[in-house]
Amino acid sequence: MIGVLRNTLMISCFVFVMMLLIEYINVLTQGRWQTRLTSSRWGQYLLAAVLGSVPGCLGAFAVVAMYAHGILSLGAVVTAMIATSGDEAFIMLALIPRQALLITAVLFLAGMGVGMVTDALFRRSRILESLCCRGMEIHEGYGASCFPRGRILEQWKKCSAARGILTAVLAIMVIAIVTGQTVHHHKEQSGDTAPVSRVEEVSPDHRQREGEIAHRQEALGNGDLEPGGAGHGGWDWIRITLLITSLMALFIVVTVEDHFLAEHLWNHIARKHLPRIFLWTFGALAALYLLTDRLHLNLDYLAGEGKWFTLVAACLVGLIPQSGPHLVFVTLFARGMVPFSVLLANSVVQDGHGMIPMLSHSRRAFLVIKAINLLAGLALGA
C-alpha cells in the first residue's frame, strides 16, 4: 500500500501543478490562448495526440487537466487516451521497438480520427454539454497582476495561510523529486512472471526474449527501475518534467498576488479539485492493488481461448485504469502467442493511469470515454 500512496501523491501533485500552471497562464493572458486553442478543433486534436503519444502518463494527465478547465473538448480527450499507451510504451520500446513505433503511429492517427467523430456525433446532442466543464474563470483587470513587481516582499511580510501552505507543499514536493521519493513505480501482477513462465518455450529467441521480459517485470515490480529505464534515483524525462513543472508552480505561488492566490489557486484548485483528485486516485489504485496483489487475479489466463476471445479479453483488460495488467499482452505478443491486432486493440483501449484523474471531475465523462475507446479498440482489432 505504500506504493499505492506514493503513486497517488505523484499523480495528484502533477495534476495539481498542471492545473495551477494552466490557471496562471489563462489569467495572465486574460484567456487569449484558450480562445485561440478552442477555436481550432484541429489544433486541439493535434495537441492531444502529441501529448498522448509521449510515453508514460504525464501527457494524459495534462490533457485531463485542460479538459477540466474547459480548454479541450471531449473528443480531444478521446484522442489523447487512444494515442497513449501509458508506461507500457516504455516496455514495448525496449522489447519490440519496431512494432512499438508502428503502434504509436497507428494510435496517433486513430486517436485523431475517433476524436473528430466523437465531437461530430455529440455536438448535436445535449449529452456533450452535460459532460463538458464550464471553463476557467477570468477576473477582468487581474492579468497584469500575476507578477506584482515591488510588492512581493510586502506580500510575504503579511503571508496568508494559503500562501504558506501551498509554498510548503510545493517545496516538499521539489525536495521529494530531487531525492527520488516520488518515483513513479508500477508493481506488476503479484511479482509473478506467469505470462512468461507458463507457456512452453519454442525457440532460443523466445527464451532470450522471455528472460528480458521477466527481468524487466521483476525490476518494475520490485521498484528497481523507473518507467523509461532510469534506475531508482536516476533522472529520466519524467522526473525532469516533474521537477521543472514543480519549480514553476513554486515560483508562481511565491510571487503571485494575493487575489489570484486566494481565488484561483487556493479556493478553486487546492480546496475544490485536489481533495477529489487525491481520494478518487487513491481509491482506484487501492482497489486494483487488492485485486492483483492480494486476490492474485491472473489476467494472463484470459488470452488462452482463441483469437476472438483474446481480442475481447484484451479490450476488456484495457478498461482497467492502471499500468501493469496490459503488460500481459505485450509479453504474449513478444513471444508470438497473440497477433498484432490483439496488442493494438489493447493499446487503443488502455490509457495507463491517464484517466484516473477524470474520476474526480466527471464520472459520466470517464464512462463515456472508456466506452468510446472500447468500441474503437474492438473495431480496429477486428
Test item: I177 and R239 side chains (from C-beta on) under 4.5 Å apart, heavy atoms: yes
F61 side, atom CZ; D351 side, atom CG - distance, nearest 0.5 Å: 9.5 Å
Linked, directly or transitively: L319 and F329 (ILVMFWY side chains, under 4.5 Å): no
Closest approach of L74 to A365 (non-hydrogen atoms, all atoms of both residues): CD1-CB, 4.4 Å
Cluster check L311, L375: I/L/V/M/F/W/Y, side chain < 4.5 angstrom: no
Interatomic distance, M81 atom CE to N373 atom CG [nearest 0.5 angstrom]: 8.5 Å
CG on D258 to SG on C159, rounded to 0.5 Å: 8.5 Å
Sequence-distant partners of A49, side chain to side chain contact (heavy atoms under 4.5 Å, CB included), two or more places apart: T79, F108, M112
Hphob cluster co-occupancy, V63 + V368, side-chain heavy atoms under 4.5 angstrom: yes
Minimal non-hydrogen separation, G318 against K370, with atom names: O-NZ, 3.5 Å
Common cluster, I82/I369, ILVMFWY with side-chain heavy-atom separation under 4.5 Å: yes
Nearest atoms (heavy-atom pairs only) where G354 meets A60: CA-CB, 3.6 Å
Side-chain donor-acceptor contacts of residues 242-252 below 3.5 Å, not counting sequence neighbours, with atom names and distances?
from, atom 1, to, atom 2, distance (Å)
T245, OG1, T241, O, 2.8
T245, OG1, L242, O, 3.1
S246, OG, L242, O, 2.6

Side-chain heavy atoms of L21 within contact of V17, under 4.5 Å: yes
More than 12 heavy atoms from other groups under 6.0 Å of CZ on R271: no
L170 CG to I165 CD1 distance, which is reported to the nearest 0.5 Å: 12.0 Å
Distance-minimising heavy-atom pair for L107 and S347: CD1-CB, 3.9 Å
Euclidean distance, F282 CZ relative to L9 CG, rounded to 0.5 Å: 9.5 Å
Stepwise side-chain contact (heavy atoms from CB on, under 4.5 Å) test for I96 and L343: CA-CA 12 Å; I96 47 172; L343 178 59; 3.8 Å; yes
Evaluation steps, side-chain contact (heavy atoms from CB on, under 4.5 Å), between F333 and M92: CA-CA 10 Å; F333 174 77; M92 288 192 290; over 6 Å; no
Validation row: Y24, L265 side chains within 4.5 angstrom (heavy atoms): no
Side-chain donor/acceptor of Q350 to backbone N/O of S85, under 3.5 Å: yes
Any side-chain heavy-atom pair of L261 and E257 under 4.5 Å: no
Sub-4.5 Å side-chain heavy-atom contact between D119 and Q44: no
Least distance between heavy atoms, L51 atom then A62 atom: CD1-CB, 4.4 Å
Y45 and W42 aromatic ring geometry - parallel, tilted or perpendicular at 30°/60° bounds: perpendicular
L20 vs V253, side-chain contact (heavy atoms from CB on, under 4.5 Å): CA-CA, chis, key distance, verdict: CA-CA 9 Å; L20 186 153; V253 170; 4.0 Å; yes
Minimum-distance pair of heavy atoms, taken over all atoms of R41 and S73: NH1-CB, 2.7 Å
Steps toward side-chain contact (heavy atoms from CB on, under 4.5 Å) verdict (L47, V50): CA-CA 5 Å; L47 174 64; V50 169; 5.6 Å; no
Set of residues satisfying side chain to side chain contact (heavy atoms under 4.5 Å, CB included) with respect to L380, sequence neighbours excluded: V106, A110, L344, V348
Contact check, side chains of R163 and W156, non-hydrogen atoms, under 4.5 Å: yes
Within one Ile-Leu-Val-Met-Phe-Trp-Tyr cluster: L121 and L367, side-chain cutoff 4.5 Å: yes
Nearest-0.5 Å distance that lies between atom CE in M116 and atom OG1 in T118: 10.0 Å
pair L102-F340: side-chain heavy atoms closer than 4.5 Å: yes
